[in-house]
Amino acid sequence: MPEPRQQQFDNIGDNQRPTANLKDTSQQYDLNFPTKDAGTATFSHPSESSLLQCETLQEISSNLVELHIKREQQRIEPEKNWFPRPKNCSDPSNLNDLESFIYGHLLRFSDMETLDPDLDEKNWKKTTMTDSKYFATTKKGEIFELKAELTSDKKEKKKEAVKKVIASMTVGKDVSALFPDVVNCMQTDNLELKKLVYLYLMNYAKSQPDMAIMAVNTFVKDCEDTNPLIRALAVRTMGCIRVEKITEYLCEPLRRCLKDEDPYVRKTAAICVAKLYDINADLVKDQGFIDKLMELISDSNPMVVANAVAALAEINAEPEMNPSSVNKLLTALNECTEWGQVFILDSLSNYDPKDENEAQSICDRVTPRLSHANSAVVLSCIKVIMKLLEMLNNEDAVNSLVKKLAPPLVTLLSSEPEIQYVALRNINLIVQKRPAVLRNEMKVFFVKYNDPIYVKLEKLDIMIRLANQQNIGSVLSELKEYATEVDVDFVRKAVRAIGRCAIKVESAAEKCVQTLIELIQTKVNYVVQEAIVVIKDIFRKYPNKYEGIIATLCENLDSLDEPEARAAMIWVLGEYAERIDNADELLETFLDGFHDESTQVQLQLLTAIVKLFLKKPTETQDLVQNVLSLATQDSDNPDLRDRGYIYWRLLSTDPAAAKEVVLAEKPLISEETDLLEPTLLDELIAHIGSLASVYHKPPAAFIEGSEMRRIKPPNRGNSSANQGGSGTGEASSSSSAKQAPSSDTECGLNGWRSG
């Protein structure tokens with residue numbers, strides 16, 4: 001016979017019933033069980049909260065079971081919704097359904113540990129503390145799991161674990177604690193896994209130098225592996241691990257790899273020598289690795305040759321070049337990568353051919369590189385050709401090569417703005433050396449509306465260098481248009497460019513001056529001031545030719561607030577004082593704030609008033625006495641004070657000598673005022689494509705401790721010498737008001753002290 005329902009339910013094991021100790025609350029709840037009254041059974045509605053009076057879940061369970069049994073015995077249909085029926089319990093009288101329902105119902109209380117007695121029944125659910133589930137876990141952390149996976153016997157699982165480690169390392173997590181476990185994974189034939197382990201070692205070897213020693217034996221063993229990829233990988237990794245203790249173990253494997261039968265291993269070993277040199281230069285020299293690199297230049301594989309040249313360039317060791325080695329470099333040039341070509345071309349630029357025929361041959365063999373897509377290759381090729389052109393006496397050959405240089409330079413100007421800027425800085429040097437290269441390419445330097453300001457300024461500079469009688473019309477139209485732009489720096493540069501064009505192209509000077517007058521009449525302050533500065537230089541270039549515009553300049557005297565513009569205007573007043581009726585009154589207005597003026601203005605004002613006195617002595621004696629007093633007695637500036645004393649002594653002792661000194665005829669200003677010194681220009685041409693060509697400074701000027709060899713200036717013809725001479729003269733004569741005082745002061749000061 002089947003067991004009674006009560007006994008059957010009691011047989012359920014205790015381990016199937018979750019229990020939890022519940023503390024009493026301050027409130028007491030009545031647990032109303034169903035009762036029979038006058039033959040009619042009525043049941044109260046037991047609520048969830050009424051069950052909380054029980055101390056344990058077992059009591060709740062017993063009460064619920066007892067309630068259910070009484071209901072079954074009396075066979076009374078319960079009132080609707082008197083007890084929450086489980087959704088999956090279609091027949092409440094079914095014991096299995098009832099058991100699952102009670103069990104699930106009680107689980108709602110299993111995580112509760114305490115009840116806050118100050119809370120009412122409504123807020124009770126919000127106060128149940130379920131944080132204990134966060135501590136009921138068997139996980140011991142990501143590092144522990146990775147450590148377990150790294151020590152797994154399954155290769156795939158181990159490889160996946162190393163990938164996870166590399167991924168964590170890549171995003172910045174510290175996985176250095178796994179160093180021993182990752183190192184143990186090196187003993188594998190799987191190339192992919194070995195690469196991952198080596199990558200980990202390169203990253204953490206510096207922070208774990210003692211542990212990194214554990215990997216040395218594996219490195220040495222891998223350097224003798226039958227697989228050339230593994231040999232190259234081992235020697236590359238050892239070179240990247242910057243730990244002193246490991247470098248001493250690297251020498252012997254590296255020496256073997258430099259003579260390896262596989263070219264891939266040799267080219268990797270060549271780069272490793274440069275890395276080792278960076279770590280310990282003395283060790284590389286003592287072990288003779290530099291000589292080994294020299295030998296690799298004659299290697300049969302072009303990639304090995306390129307890497308050997310790159311390594312020698314990195315350690316600043318010039319290879320011993322001879323016609324045979326040059327021929328091998330030129331042969332490798334056609335087969336190596338683009339960056340290998342850059343290093344080979346740079347090496348060829350340091351080679352001095354024995355005769356013109358060899359120079360011509362080298363030019364012919366490197367010329368195809370001008371059409372390369374990489375701008376670095378193009379610039380390096382141009383550097384080689386620019387140097388070798390100095391050795392060619394055949395005019396036809398020179399003109400042919402010069403024509404070939406223009407298209408690649410023009411192509412560079414269609415690249416990104418940053419590459420354009422580098423190209424423009426190099427073009428600036430090239431056109432100073434050989435203007436004919438881009439003489440017919442003026443339009444490519446016209447400014448575009450979307451050019452960055454640094455590109456615009458460089459293009460303006462090159463436009464002026466290329467200006468001549470044939471293209472001055474279009475250049476001047478462009479410059480006039482630029483002078484109406486909104487960018488102040490660009491407008492200033494454009495106005496000055498107009499003045500430089502007037503100085504350079506005499507036939508266009510009058511048109512340039514007229515354009516400047518039109519710009520002055522716009523009354524735009526910074527345009528007016530820049531125009532006055534360049535007009536002063538035009539007066540120096542063409543004396544007694546355009547003085548008719550002085551009246552227009554004087555009208556804008558009050559608007560000048562920049563020191564350079566004020567100094568330029570004062571120079572004009574002093575230089576042409578005899579043609580300006582009220583020159584003394586105009587100069588006197590500057591004396592009111594003499595001590596507030598800049599040194600440049602003070603020096604120019606002192607000289608201008610002395611000139612005025614020498615031209616009009618009777619009318620300006622008080623004025624010159626006043627300025628000399630301000631310059632000598634009330635000034636703390638030694639340059640100004642010394643110049644004042646010199647003028648005062650000259651005027652007091654020998655006015656005729658003073659007139660000869662102060663009013664002496666001045667040399668005409670040169671066409672170009674910013675040409676580089678020929679020797680410096682040759683050195684910068686030899687560094688085209690490097691930072692030196694961008695800064696327009698030799699490497700020693702911005703690299704501390706650099707030992708870059710200085711390029712000897714090549715032999716020039718008469719035309720080059722004349723061009724260089726004019727550049728020097730221009731540089732010396734362009735100082736105008738500011739530089740002249742320095743020389744006068746030095747001479748006068750010596751005379752004053754000796755007297």
Side-chain angles (χ1 to χ4, degrees), residues 476 479-480 483-484 491-492 494-503 505-594 597 600-620 623-624 627 662-663 665-666 668-669 736-737:
L476 196 57
L479 294 177
K480 186 176 180 180
T484 61
V491 171
R492 287 177 179 271
V495 174
R496 291 209 177 198
I498 295 174
R500 290 175 61 184
C501 287
I503 294 172
V505 185
E506 184 175 358
S507 60
E510 186 172 356
K511 191 174 182 180
C512 292
V513 171
Q514 186 61 37
T515 302
L516 290 172
I517 293 300
E518 293 176 4
L519 293 175
I520 290 176
Q521 292 173 349
T522 62
K523 301 298 182 181
V524 178
N525 186 262
Y526 55 86
V527 173
V528 171
Q529 301 195 73
E530 288 296 331
I532 289 176
V533 171
V534 297
I535 286 175
K536 178 205 69 172
D537 292 335
I538 294 175
F539 285 164
R540 291 186 61 188
K541 175 66 176 178
Y542 309 108
N544 304 320
K545 192 172 184 180
Y546 299 108
E547 285 74 10
I549 65 174
I550 293 178
T552 304
L553 302 182
C554 293
E555 293 175 0
N556 298 275
L557 193 62
D558 296 335
S559 64
L560 305 181
D561 54 10
E562 296 179 3
E564 190 175 8
R566 292 172 69 86
M569 192 65 222
I570 291 171
W571 181 90
V572 172
L573 294 175
E575 189 69 19
Y576 299 98
E578 70 279 7
R579 303 186 185 186
I580 304 174
D581 296 335
N582 61 339
D584 53 342
E585 297 178 1
L586 296 176
L587 289 174
E588 191 173 6
T589 59
F590 289 96
L591 285 181
D592 297 337
F594 182 81
E597 300 285 358
Q600 180 182 5
V601 176
Q602 289 176 340
L603 289 169
Q604 194 61 62
L605 184 59
L606 173 61
T607 302
I609 292 178
V610 171
K611 288 180 181 179
L612 176 63
F613 172 73
L614 293 173
K615 294 176 180 179
K616 300 179 180 180
T618 57
E619 304 173 9
T620 59
L623 183 62
V624 73
V627 72
V662 179
L663 300 181
E665 185 176 352
K666 299 171 182 59
L668 299 181
I669 194 171
S736 70

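Residue indices begin at 1 and follow the sequence shown.
- Going from atom CG of D581 over to atom NZ of K616 covers 6.0 Å, rounded to the nearest 0.5 Å.
- Using a 4.5 Å heavy-atom cutoff, the side chains of L605 and R566 are not in contact.
- Note that SG of C554 is 5.5 Å distant from CG of L586, once rounded to the nearest 0.5 Å.
- L612 and A577 make their closest contact through CD1-CB, 3.5 Å (heavy atoms, listed as atom of the first residue, atom of the second, distance).
- Of the possible donor and acceptor atoms, one in the side chain of K615 sits under 3.5 Å from a partner among the backbone N and O of E575.
- Within 6.0 Å of CD on E510 lie no more than 12 heavy atoms contributed by other residues, nucleotides or ligands.
- Looking only at side-chain heavy atoms (C-beta outward), P617 and V624 stay at 4.5 Å or farther from each other.
- Residues W571 and K611 have side chains in contact (heavy-atom distance under 4.5 Å, counting atoms from C-beta outward).
- Partner of V627 under the side-chain contact (heavy atoms from CB on, under 4.5 Å) criterion, chosen from L587, T620, I609, T607: I609.
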What do the steps show when you test L479 against T515 for side chain to side chain contact (heavy atoms under 4.5 Å, CB included), and what is the final call?
CA-CA 10 Å; L479 294 177; T515 302; over 6 Å; no

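- Among all heavy-atom pairs drawn from P543 and R540, the shortest one is CD-O, 3.9 Å.
- For E518, the side-chain hydrogen bond (donor to acceptor under 3.5 Å, both in side chains) criterion is met by K480, not counting sequence neighbours.
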Tell me, with the steps shown, if I503 and C512 meet side chain to side chain contact (heavy atoms under 4.5 Å, CB included).
CA-CA 9 Å; I503 294 172; C512 292; over 6 Å; no

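- Side chain of Y542 to main chain of A502: a donor-acceptor pair is present (N/O by atom type, distance under 3.5 Å, no hydrogens or angles).
- Within a 6.0 Å radius of NZ in K511, no more than 12 heavy atoms belonging to other residues, nucleotides or ligands are found.
- Within the 4.5 Å cutoff, the side chain of L591 has heavy atoms near those of the L623 side chain.
- Within the model, atoms CD of Q521 and CD of E555 stand 8.5 Å from one another, a figure rounded to the nearest 0.5 Å.
- Summarising the geometry, atom CG belonging to N582 is positioned 11.5 Å from atom CD belonging to E588; distances are rounded to the nearest 0.5 Å.
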Between T589 and D558, does the side chain to side chain contact (heavy atoms under 4.5 Å, CB included) criterion hold? Intermediate values first, please.
CA-CA 10 Å; T589 59; D558 296 335; over 6 Å; no

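- In this structure the side chain of F539 reaches within 4.5 angstrom of the side chain of I550, judged on heavy atoms.
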With side chain to side chain contact (heavy atoms under 4.5 Å, CB included) as the criterion, how do I570 and V601 come out once you've worked through the C-alpha distance, each side chain's angles and the decisive distance to 0.1 Å?
CA-CA 8 Å; I570 291 171; V601 176; 3.6 Å; yes

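- More than 12 heavy-atom neighbours from other residues, nucleotides or ligands sit within 6.0 angstrom of CG on D592.
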I'd like a table of donor-acceptor pairs (distance under 3.5 Å, sequence neighbours excluded) in which one partner is a side-chain atom from residues 522-532, with atom names and distances.
unit_1	atom_1	unit_2	atom_2	d
T522	OG1	L519	O	2.4
K523	NZ	N556	OD1	3.1
N525	OD1	Q529	NE2	2.5
N525	ND2	S559	O	2.7
Q529	OE1	D561	N	3.1
Q529	OE1	E562	N	2.9
Q529	NE2	D561	OD1	2.7
E530	OE1	R496	NE	2.4
E530	OE1	R496	NH2	3.4
E530	OE2	R492	NH1	2.8

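- I549 has its side chain out of reach of L516: every pair of non-hydrogen atoms, C-beta onward, lies at least 4.5 Å apart.
- Residues satisfying the ring pair (Phe, Tyr, Trp, His ring centres under 6.0 Å) test with F590, not counting sequence neighbours, are none.
- Separating the OH atom in Y546 from the CD1 atom in I517 is a distance of 11.5 Å, to the nearest 0.5 Å.
- A donor-acceptor distance shorter than 3.5 angstrom exists from the side chain of E547 to the backbone of N544, with no hydrogens or angles considered.
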